[in-house]
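Notes follow once the structure below has been shown.
Atom set for the values below is all heavy atoms of this structure, side chains included, hydrogens, waters and symmetry mates excluded.
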Amino acid sequence: METTKQMILIGKIRKIAEETGPKLAEIRQELHRHPELGMNLPRTHEIISRELKKIPGLRVQEHKAGGSGIIAVMEGGKKEGKTVLLRADIDALPIEEEGDCGFKSENPGCMHACGHDGHGAWLIGAAMILSKIRMEWGGCIKFVFQPGEEVGKGADILISEDRVLEDPDVDMAFAAHGWPSIESGRIGIARRYAFGCVGSFRVKIIGKKGHASWPEQTVDPIAAASEIYQHIPAILARKIGGTESKVMSVTYMQSGDRKVRNIIPETCEFGGTMRATRRETLEMMGRELEKAAKAVCGVYGASCEVEALTHGGAVENAPKLLEGVRRAAEQILGKNQAYIIEENHLGGENFSEYSERVPSVYLFIGIRPKDKAEIPGLHSPKYRFDDQALAGAAGTFAAIAYYGCTGKLEGQHIENVNK
């Protein structure tokens with residue numbers, strides 16, 4: 001009997017999600033036309049607030065996270081239930097959009113090249129759906145629209161100043177990213193790490209400037225930098241070792257003047273990003289890089305400055321919620337449409353601020369049209385978001401929130417459509 005009720009409700013969620021799809025596409029495209037950067041998103045805030053205020057049963061708290069964030073709270077019609085947080089990041093990137101999609105960015109040098117316009121739209125859709133079935137669940141759902149994710153901000157203020165995890169205390173949190181490599185209508189869920197700890201490094205080598213015809217009279221910082229660079233794979237494989245996922249990538253190297261071809265410069269600087277699943281590993285990577293740099297510079301007779309920083313923690317999916325989330329997503333999307341990704345992902349996401357405090361799951365929602373084998377990736381000026389994914393994503397978030405509030409997300413309480 002209980003299973004029958006659940007499936008009837010899931011059918012209702014699916015139907016409402018399909019009906020809201022065209023409206024969500026309109027909202028997403030409006031957000032796409034007006035991208036904004038960092039923590040200052042006045043037009044984005046206005047659009048999202050306007051749509052949230054139309055939804056019955058939703059209490060909209062504006063101007064959070066320093067001004068552009070929104071926390072919208074909905075309470076269920078039943079007496080008891082848990083508190084679930086659903087989060088969307090809503091900021092854009094400093095990228096000039098290429099091509100014309102019919103709703104191209106109107107802000108020069110700014111574009112939703114990471115799909116946060118879609119994230120905001122599908123969370124609005126989830127609120128629309130949950131409002132219409134509000135008498136079917138108890139507890140509380142917090143819909144959080146966060147600015148500043150691309151610059152590593154927003155989440156900390158929402159937690160420390162706006163107390164988004166309190167009053168009532170949040171029991172579990174969920175977020176997702178549109179993923180170009182996954183077909184629309186499918187969802188991938190990392191078994192453990194959806195995102196890694198994020199760090200950065202900078203190495204500056206100080207040599208001795210001189211004429212390029214007499215290199216023996218100089219201390220070549222470029223040669224030293226090149227040798228340090230060659231040590232990085234050994235640091236990862238020999239000094240750190242183990243099976244933990246980790247990466248250290250040099251993303252820039254600068255030295256000299258390209259207009260001057262006969263002078264060995266005094267300095268060379270390079271740097272980049274490093275990722276791992278644990279902060280301790282990042283810290284060890286930084287220490288080993290500094291040791292290698294000093295050893296190489298000692299051979300060359302140069303000196304060096306090494307800076308290694310840790311910026312954010314990992315997004316680790318809660319094991320006890322994983323299967324329930326997968327089953328909830330499959331109930332909306334269909335058999336075999338939600339699957340577990342065994343590999344760790346080492347991108348960066350400050351949803352870690354939430355996942356380090358409450359049990360959480362982060363999903364990768366497919367946005368690649370079914371008729372395309374490949375589309376431009378994240379942060380590309382040609383990035384495109386498939387609006388056909390919005391209804392399914394909104395329905396999935398609604399189902400996850402419903403099962404979360406009713407306490408059925410943990411364990412085997414959700415009907416397995418694969419049977």
Side-chain angles (χ1 to χ4, degrees), residues 27-28 31-32 34-45 47-49 62-72 85-95 105 107 110-124 126 142-162 164-165 170 173-180 190 193-200 273 275 309-317 345-358 360-365 367 377-380 383 385 393 397:
I27 296 169
R28 206 278 299 178
L31 290 169
H32 190 88
H34 306 288
E36 296 166 307
L37 302 176
M39 297 293 289
N40 186 27
L41 319 176
R43 184 66 178 270
T44 304
H45 181 281
I47 294 168
I48 293 173
S49 293
E62 299 178 274
H63 306 295
K64 299 298 181 179
S68 295
I70 302 167
I71 302 171
L85 182 148
L86 305 177
R87 175 273 210 170
D89 40 4
I90 56 174
D91 54 324
L93 285 160
I95 293 175
S105 168
N107 295 343
C110 187
M111 176 193 176
H112 270 296
C114 205
H116 294 186
D117 49 349
H119 301 179
W122 68 40
L123 194 56
I124 293 171
K142 298 183 180 183
F143 303 87
V144 180
F145 298 83
Q146 177 196 315
E149 189 280 326
E150 292 290 357
V151 291
K153 297 181 180 179
D156 54 345
I157 302 175
L158 283 162
I159 292 169
S160 63
E161 296 182 15
D162 299 319
V164 70
L165 297 179
V170 170
F174 304 92
H177 206 298
W179 217 245
Y193 290 101
F195 291 93
C197 297
V198 180
S200 64
T273 188
R275 310 291 172 92
L309 302 173
T310 300
H311 304 296
V315 177
E316 184 175 5
N317 285 338
H345 181 272
L346 293 182
E349 233 282 11
N350 72 356
F351 185 70
S352 59
E353 298 283 354
Y354 308 90
S355 66
E356 288 178 343
R357 292 171 170 85
V358 298
S360 303
V361 173
Y362 197 104
L363 303 89
F364 299 120
I365 294 179
I367 58 163
L378 304 177
H379 295 210
S380 165
Y383 176 87
F385 187 103
F397 268 114

Apply the side-chain contact (heavy atoms from CB on, under 4.5 Å) test between D117 and each candidate in L31, I27, T44; give the one that qualifies.
-> L31
Are the side chains of [Y] and [X] in contact, using a 4.5 Å heavy-atom criterion?
X: Y383; Y: I367; value: yes
X: L37; Y: P94; value: yes
X: H177; Y: C114; value: yes
X: S200; Y: T273; value: no
X: V144; Y: Y354; value: yes
X: L85; Y: V358; value: no
X: E36; Y: D91; value: no
X: M39; Y: I157; value: yes

Would you check, one step at a time, whether the test side-chain contact (heavy atoms from CB on, under 4.5 Å) holds for F145 with I124?
-> CA-CA 9 Å; F145 298 83; I124 293 171; 3.9 Å; yes
Nearest heavy atoms of [X] and [Y], plus distance in Å:
X: P147; Y: G69; result: CD-CA, 3.7 Å
X: L378; Y: G178; result: CD2-O, 3.8 Å
X: S68; Y: P42; result: OG-N, 4.1 Å
X: G154; Y: A65; result: O-CB, 4.2 Å
X: V315; Y: S352; result: CG2-N, 3.5 Å
X: S355; Y: A314; result: OG-O, 3.6 Å

Please find out if less than 6.0 Å separates the ring center of F195 from that of Y362.
->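 Judged by ring-centre distance (under 6.0 Å), F195 and Y362 do meet the cut-off.
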Working to the nearest 0.5 Å, report the span between [atom1] of [X] and [atom2] of [Y].
X: H112; Y: I90; atom1: NE2; atom2: CD1; value: 8.0 Å
X: K153; Y: N350; atom1: NZ; atom2: CG; value: 11.0 Å
X: E62; Y: I71; atom1: CD; atom2: CD1; value: 12.0 Å
X: C197; Y: E316; atom1: SG; atom2: CD; value: 9.5 Å
X: H119; Y: D89; atom1: NE2; atom2: CG; value: 5.5 Å
X: H32; Y: S105; atom1: NE2; atom2: OG; value: 6.5 Å

Quick one: sort the W179 and H345 rings into parallel, tilted or perpendicular, breaks at 30° and 60°.
-> perpendicular
If you measure from the Lys or Arg side-chain nitrogens to the Asp or Glu carboxylate oxygens, is any gap between E349 and R87 under 4.0 Å?
-> yes
Do R275 side-chain atoms and L346 backbone N/O form a donor-acceptor pair below 3.5 Å?
->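 Side chain of R275 to backbone of L346, a donor-acceptor pair under 3.5 Å: yes, one is there.
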Examine distances only and state if a side-chain atom of H45 and a backbone atom of H63 form a donor-acceptor pair shorter than 3.5 Å.
-> yes
